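The next block holds one structure in the form of structure tokens; read it before the comments.
Remember, it's 1-based here, ligands and their atoms both numbered in the order they're listed. Computed from a predicted model, the values in this text were never measured in an experiment.
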Amino acid sequence: MTAARHQESLVERLREKGIESETVLQAILETPRHRFVSDAVARHAYRDDALPIGYNQTISQPYVVAFMTQALLKPEPPRNVLEIGTGSGYQSAVLAKLVRRVYSIERIPQLHRQSTQRLRELGVRNVSTRLGDGSQGWPECAPYEAIMLTAASPTPPDALLEQLVEGGRLLLPEGSPHETQTLVRYVRTPKGITRETLLDVLFVPLVSRTS
Ligand code: SAH
């Protein structure tokens, strides 16, 4: 099978699993996941599985990327998104097709370097990357209409909730490392923060200065 055929069959599988947003499915179709992993695992790139990217980290399962992206776009697409955990850069590249501006922070220098270079090579121009502890956010570019953590934490970091606009949402794989976590959507409203659970997930832990 050609890469294009593999991509199409992945998108079919995501549709069967319940992803309904055509814009999200189109973004997944147009993002070459095999370019975000090493040659050693590239042949598995269009399976609906998480894959190793080195340094004990993983590129997320396509279904989870699609689900989180779809959840982030509701009720209407945000104009800017802050992602915590750039990893391979795949989630950033998918988001970049759907929102005007993406900011993404990674704490492991090698992954930060590789993903920044990869996004540049692929011609993705609306993602800004930064090396650092994402639990502190990126205050210079705040506020954000949406924030997505792609690493698990027992609670949402306060600094991130503070960098949301009113009406802004934050998606967090909530829970302890190596246990099943729950994807939770927090929304900042005039009356405070609301919380809604969405899906069982499994992510690597958020490693912050204070944890
Ligand atoms: N979104 C990624 C998935 C990355 S896995 C992708 O599409 O490939 C989670 C990533 O979060 C790892 O690369 C890990 O190093 C990073 N991470 C963990 N704690 C972090 C923190 N406090 N700040 C920034 N990145 C962090």
Practice problem: Verify, without hydrogens or angle tests, whether Q70 (side chain) and S21 (backbone) share a donor-acceptor contact under 3.5 angstrom. | Solution: yes

- [ ] Kindly say whether R35 contributes a backbone atom to a donor-acceptor pair with the side chain of R118 at under 3.5 angstrom?
- [x] yes

Please identify which atoms of ligand 1 are closer than 4.0 Å to at least one heavy atom of [X].
| X | value |
| --- | --- |
| T86 | 1 (N), 2 (C), 6 (C), 8 (O) |
| I108 | 15 (O) |
| S88 | 6 (C), 7 (O), 8 (O) |
| I59 | 8 (O) |
| L111 | 13 (O) |

Under a 3.5 Å cutoff, is there a donor and acceptor pairing between the side chains of [X] and [Y]?
| X | Y | value |
| --- | --- | --- |
| S128 | R101 | yes |
| E30 | Q26 | yes |
| D48 | Q61 | yes |
| T129 | T86 | no |

Starting from [atom], locate the nearest protein heavy atom and write down its residue, its atom name and how far away it is, to 0.1 Å.
| atom | result |
| --- | --- |
| atom 7 (O) of ligand 1 | Q91 N, 3.1 Å |
| atom 12 (C) of ligand 1 | Q57 OE1, 3.2 Å |
| atom 9 (C) of ligand 1 | T150 O, 3.2 Å |
| atom 4 (C) of ligand 1 | T58 O, 3.4 Å |
| atom 13 (O) of ligand 1 | E106 OE1, 2.7 Å |
| atom 19 (N) of ligand 1 | V207 N, 2.9 Å |
| atom 11 (O) of ligand 1 | G85 CA, 3.2 Å |
| atom 26 (C) of ligand 1 | R107 CG, 3.6 Å |

Would you call [X]-[Y] a salt bridge at under 4.0 Å N-O?
| X | Y | answer |
| --- | --- | --- |
| R15 | E12 | yes |
| R188 | E166 | no |
| E8 | R5 | yes |

Would you say ligand 1 has an N or O under 3.5 Å from any N or O of [X]?
| X | value |
| --- | --- |
| E83 | yes |
| S60 | no |
| L206 | no |
| I84 | no |
| G134 | yes |

Sequence neighbours excluded, the answer for side chain to side chain contact (heavy atoms under 4.5 Å, CB included) partners of E76 is R169

- Message: Would L164 and L170 count as a side chain to side chain contact (heavy atoms under 4.5 Å, CB included) here? Give the steps.
- Response: CA-CA 8 Å; L164 279 177; L170 177 148; 4.0 Å; yes

Logged contact type for V204 with ligand 1, heavy-atom cut-off 4.0 Å, is side chain

Applying a heavy-atom cut-off of 4.0 Å, say which part of P205 lies close to ligand 1: side chain, backbone, both or neither.
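Answer for P205: backbone.
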
Fill in: Heavy-atom pair with the smallest gap, counting every atom of E174 and P154
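Closest pair (atom of E174, atom of P154, distance): CG-O, 3.3 Å.
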
Original post:
G132 near ligand 1, heavy-atom distance under 4.0 Å?
Top reply: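 True for this residue.
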
- Consider ligand 1: state whether an atom of it lies below 4.0 angstrom from any non-hydrogen atom of V65.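 No.
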
Which of L171, V24, T23 passes side chain to side chain contact (heavy atoms under 4.5 Å, CB included) with T69? It is V24

